[in-house]
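What follows is one structure encoded as structure tokens, with my remarks underneath.
These numbers come from the heavy atoms of this one structure, side chains and all, not from hydrogens, waters or symmetry mates. Whatever order the structure lists ligands and atoms in, that order sets their numbers, starting from 1.
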Amino acid sequence: MSIAIPPAKFDLQEIKSLENDQLAARIQAVRDSLGPQLMILGHHYQQDEVIALADLRGDSYQLSQSAANSTDCRHIAFCGVHFMAETADILANRPEKLAERSGERVRVILPDMAAGCSMADMAAIEQIEDAWDQLAEVLDTEDITPVTYINSAASLKAFVGQHGGIVCTSSNAKAALEWAFARTSRVMFFPDQHLGRNTALGMGITESQMPVWDPFADELGGNEREALERSKVLLWKGHCSVHQMFRPEHVAMFREQHASIKILVHPECPREVFELADESGSTGKIIKTVEAAPPGTKWAIGTELHLVNRLKQEHPEQEIYFLSPVVCMCATMYRIDLAHLCWSLENLSAGTPVNTIEVDEETARWSLVALERMLEVR
Ligand code: 13P
Ligand code: SF4
């Protein structure tokens, strides 16, 4: 039986008129009153003011782990995007965790419901199911492992769980592909073609063995039958609108201007940029790489602007540049601001919660199968 939730007690428009220091003080007051019952998680792409109030910051893998391992907490405020909050809900409310808490759920809130991910939106479950059905006419789908990047809706994760597949993040994509190839001779990777391609190329798979499936093509994702037959990895035609802005000419420009500069990029960048880079990795790895470098190291970093700017501030002993003359920030991550965080936390604390993310039981059950595999594979 669902319990009716009273209308929000606090008004967003009023809260939006407050200054950041007032908002931070009010958020801190909720943190103080809820104590360890509240966990604020912040993805590395969040704004500095938000990150300053997070209990934990991390990349997608680390934040999933934090949600999975939570013990005292009863509420998670996810400062990130929708698929991350869904993942936290599934992991924090998996059956053994519910049993430990005598059935009490952890409530996961996303401060602004408009914080989605354009890449995740490039693969709808109906399109994946249609692609799978079409593939079954050409290939043995029993011999294909579906791998979904964590940047996808829970329904895709459930599809993957039901079809013997795995979820990966940018920090374990290679291990996830190895896991998949230990089971089947083919992989279908969605929604990010670049992460799939960059990872598979590093494993010796050639571009000609990686046809791209276009969900809007008339048939077979726009591929010839022979191309599918010789495939090892079927890539989905999806990408990150932020990372696709980094171009090879930006790498060339920095190398020309600074002889010793190192190029450090996220694997969501296109192949032409990824292959020119000196180092690459998840947001967590990018941070660790900079932290481990000797003072005076010069970097041009190809990932979301807020993270690069924070690295600049936190590492004045290094010379850090953003790998593009154009501003590439994630507009949806940016939706989470102090006003939305304050509004959602005050309503939570007043018993009038807003923006709860709760994945339905069946989807959560199958997604969990694929997410648990993700957490096991490094
Ligand atoms: P990671 O933090 O896992 O590297 O992910 C980057 C990203 O695009 C999140 O949406
Ligand atoms: Fe999605 Fe790209 Fe934003 Fe990450 S940076 S949330 S992949 S749009």
For S282, counting its heavy atoms only, list the atoms of ligand 1 lying under 4.0 Å from any of them. 4 (O)
May I ask you to list the atoms of ligand 1 that are less than 4.0 angstrom from any heavy atom of M84? 9 (C), 10 (O)
Closest heavy-atom contact between [X] and [Y]?
| X | Y | answer |
| --- | --- | --- |
| C79 | L341 | SG-CD1, 3.9 Å |
| N347 | K9 | OD1-N, 2.8 Å |
| S324 | M245 | OG-O, 4.4 Å |

Got an N/O contact under 3.5 Å between [X] and ligand 1?
| X | result |
| --- | --- |
| H43 | yes |
| Y61 | no |
| S60 | yes |
| D59 | no |

Just wondering, is there an N, O or S atom on C330 that's nearer than 2.8 Å to atom 3 (Fe) of ligand 2? yes
Is any side-chain N of the basic residue among R225 and E229 closer than 4.0 Å to the acidic one's carboxylate O? yes
Location of contacts on E304 toward ligand 2, heavy atoms closer than 4.0 Å: neither
Side chains of Y149 and S170: does their closest heavy-atom pair fall under 4.5 Å? yes
Return the closest protein heavy atom for [atom] as residue, atom name and distance.
| atom | value |
| --- | --- |
| atom 8 (S) of ligand 2 | S118 OG, 3.6 Å |
| atom 10 (O) of ligand 1 | N151 ND2, 3.3 Å |
| atom 6 (C) of ligand 1 | H266 NE2, 3.4 Å |
| atom 2 (Fe) of ligand 2 | C240 SG, 2.4 Å |
| atom 7 (S) of ligand 2 | N151 ND2, 3.1 Å |
| atom 8 (O) of ligand 1 | E268 OE2, 2.9 Å |

If you take the nearest heavy atom of each of N172, I287, T283, which one is closest to atom 2 (O) of ligand 1? T283
If only side-chain N and O atoms count, and only distance matters, is there a donor-acceptor pair under 3.5 Å linking [Y] with [X]?
| X | Y | result |
| --- | --- | --- |
| T169 | S60 | no |
| H340 | D337 | yes |
| T148 | S152 | yes |
| D59 | T283 | no |
| T145 | T184 | yes |

Could you confirm whether C117 has any N/O/S atom lying under 2.8 Å from atom 1 (Fe) of ligand 2? yes
Of the backbone atoms (N, CA, C, O) and the side-chain heavy atoms from C-beta on, which set of E304 has a member under 4.0 Å from an atom of ligand 1: side chain, backbone, both, or neither? neither
What do you reckon, are the aromatic ring centroids of H43 and F78 less than 6.0 Å apart? no
Does H44 come within less than 4.0 angstrom of ligand 1, counting non-hydrogen atoms of the residue? no
